[in-house]
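Have a look at the structure below before the remarks.
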Amino acid sequence: MFVGHFGIGFGATAVVPRVSLGTLFFAAQFVDLLWPTLLLLGVERVAIQPGVTAVTPLDFLYYPISHSLLAVVCWAFVLGAVYYVTRRYRRGAVVVGLAVLSHWLLDALTHRPDLPLYPGGDWRIGLGLWSSVAATLAVELFLFAVGIWLYLRTTRALDRAGTVGLWSLVIFLILIYAGNIFGDPPPSVGALAWVAQAQWLVVLWGYWVDRHRQTLHRSLPERGGETGGEGVYLR
Ligand SMILES: [Zn+2]
C-alpha cells in the first residue's frame, strides 16, 4: 500500500481541517517512514524476491518495531500524545493517532500474511490483496481519489503555489507508485531503504502545500476555535 496511505492523509483533513496535511501524511505513513531507517540499522529485514507477490517483489521477513500491530498501536498513542501536548487540540490528536493505526489496517489488507500481531509473535496477518495488480490498483486509487476529493472540498488555494504545489505532489506520488508497481525491482535492500527515505520529502511537501491553501471551516464547535459556524480562516 502506498498512495492509499496518502489518501487517508488527504481525506483526514475533512475531519480535522486545523491539522496540516503534512502532519496527517506523517501520521498515516509514519511506520513506513520509520521502516527504511530500521532496515539501514539492520534492526528489521526484508528480501527482494521478484514474484513473491504480483504487486511487490518485497518479502517482509522481520519488521516487528515498525509493523507489528502492538507496536503500531503504541506509535499511534505516542504520536497522538505528542500532538496533544504540543497543540492542545484533542480531536486533532485522536485523528493523528487513528491515522497511524490506519496504516496497519490498510497494510493488513494488501500484504501476504507477514504482519506480526506483536514482536516475537507467531501469528501473521495479511489478506493478500497484492496477489492481484488490478484489485490493488482499484482499492488504492479509490482511496487516493476520495482523499484528494475531500481535501479539495475542505481547502482552497490561496495562490498559485496552492494549486501547482498540490497537483505536482499528486502527480509525483502517482509516478512513484507506478514505478514501484511496474518498474524493475530495487537492486539491493540498501538502495531500497535510501530511496524510501525520499518519503520525508512528501511530508515536507504536504506542509508546504498546506500553507498555500485556506480551509473552508464548516461548523466545527471546537473550544478556542478560530471561527464558529460557516466561515474561512487561514492556517
Ligand atoms: Zn507499511
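Both ligands and their constituent atoms are indexed starting at 1 by order of listing. Computation of the quantities below employed the complete heavy-atom set of this structure, encompassing side-chain atoms and omitting hydrogens, waters and symmetry-equivalent molecules.
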Protein N/O/S atoms closer than 2.8 Å to the Zn ion (ligand 1), ordered by chain and number, come to Asp32 OD1, His67 NE2, His103 NE2, Asp107 OD2
Are Trp104 and Phe30 near enough that their ring centres are under 6.0 Å apart? no
Ignoring hydrogens and angles, write down the donor-acceptor pairs under 3.5 Å from the side chains of residues 127-135, residues two or more places apart or on other chains.
unit_1	atom_1	unit_2	atom_2	d
Ser131	OG	Gly128	O	2.9
Ser132	OG	Ala134	N	3.4
Ser132	OG	Ala135	N	3.0

Residues two or more places apart in sequence or in another chain: which of them pass salt bridge (charged side-chain N to carboxylate O under 4.0 Å, His left out) with Asp59? Arg112
Please determine whether the number of non-hydrogen atoms from other residues, nucleotides or ligands lying under 6.0 Å from atom OH of Tyr207 exceeds 12. yes
So, Glu44 versus Ser66: side-chain donor-acceptor pair below 3.5 Å or not? yes
Return the set of residues passing side-chain hydrogen bond (donor to acceptor under 3.5 Å, both in side chains) with Asp107 (not counting sequence neighbours), or none when no residue passes. His5, His67, His103
